[in-house]
Asks: 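Following this message is one structure expressed as structure tokens.
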Amino acid sequence: PVPAPGPYLIQARWSISGFRADGETFIFSAHGFGTGEMEWKVGPERTFLFEVRMKDGTVWQNRKTSDVAGSLFLNLGPRTTDPVQVLVTPFPES
């Protein structure tokens, strides 16, 4: 099979909407309850910074690296039942 031309969602515990991608950078809204766990397909062994913007304006950040198969496992951080905005960007290589 031909790989998709950018990041895409494999699975998520929360509902995802408003997904947009520009190269390896992507943004989306998420809404649910419990832990905001999800898996995205990206390039293999790539490090990403992700920012979760809460309804009250609080921003939570974390850095994650995809595995050798290109799966990026995210946990959106603090539990909330409010919708959040998520921005995922490649972390600069040193």
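Quick note: residue numbers are just sequence positions, from 1.
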Asks: Going only through I, L, V, M, F, W and Y residues with side-chain contacts under 4.5 Å, is there a path from V84 to L87?
Replies: no
Asks: Applying side chain to side chain donor-acceptor pair (under 3.5 Å), can you list everything that pairs with T58, at least two apart in sequence or on another chain?
Replies: D56
Asks: How long is the gap from NZ on K55 to OG1 on T80, to the nearest 0.5 Å?
Replies: 8.5 Å
Asks: Listed by chain and number, what are the side chain to side chain donor-acceptor pair (under 3.5 Å) partners of T89, not counting sequence neighbours?
Replies: none
Asks: May I ask you to list the residues sharing a hydrophobic cluster with L49, side-chain cutoff 4.5 Å, ordered by chain and number?
Replies: F91
Asks: According to salt bridge (charged side-chain N to carboxylate O under 4.0 Å, His left out), does anything in residues 57-72 pair up with another residue at least two apart or in another chain? List the pairs.
Replies: none
Asks: Got a donor-acceptor contact below 3.5 angstrom from the H31 side chain to the T81 backbone?
Replies: yes
Asks: For the ring pair W40 and F28, is the centre-to-centre distance below 6.0 Å?
Replies: yes
Asks: In a table with atom names and distances, give each donor-acceptor pair under 3.5 Å that connects a side chain of residues 16-23 to protein atoms at least two apart or in another chain.
Replies:
none

Asks: Hey, is the main chain of L72 close enough, under 3.5 Å, to the side chain of K41 for a donor-acceptor pair?
Replies: no
Asks: Please identify each residue that fulfils side chain to side chain donor-acceptor pair (under 3.5 Å) with D82, with sequence neighbours left out.
Replies: none
Asks: For E37, give me all partners under salt bridge (Lys or Arg N to Asp or Glu O under 4.0 Å), at least two apart in sequence or on another chain.
Replies: R13
Asks: Which heavy atom of W14 sits nearest a heavy atom of G36, and at what distance?
Replies: CE2-CA, 3.4 Å
Asks: Salt bridge (charged side-chain N to carboxylate O under 4.0 Å, His left out): which pairs involve residues 27-36, sequence neighbours left out?
Replies: none
Asks: Checking S66 side chain against S71 main chain: does a donor-acceptor pair fall under 3.5 Å?
Replies: no
Asks: Among all residues two or more places apart in sequence or in another chain, which pass the side chain to side chain contact (heavy atoms under 4.5 Å, CB included) test with P90?
Replies: E24, T25, R46, F48
Asks: Got a sec, which residues hit side chain to side chain donor-acceptor pair (under 3.5 Å) with Q61, two or more places apart in sequence or on another chain?
Replies: E51
Asks: Let me know which of V52, N62, T35 forms a side-chain contact (heavy atoms from CB on, under 4.5 Å) with L76.
Replies: V52
Asks: If hydrophobic clusters are built by linking Ile, Leu, Val, Met, Phe, Trp and Tyr wherever their side-chain heavy atoms come under 4.5 Å apart, do M38 and M54 end up in the same one?
Replies: yes
Asks: Does E45 have any salt bridge (Lys or Arg N to Asp or Glu O under 4.0 Å) partners at least two apart in sequence or in another chain, and if so, which?
Replies: none
Asks: What ring-ring contact (aromatic ring centres under 6.0 Å, His included) pairs are there with at least one residue in residues 54-76, not counting sequence neighbours?
Replies: F50-W60
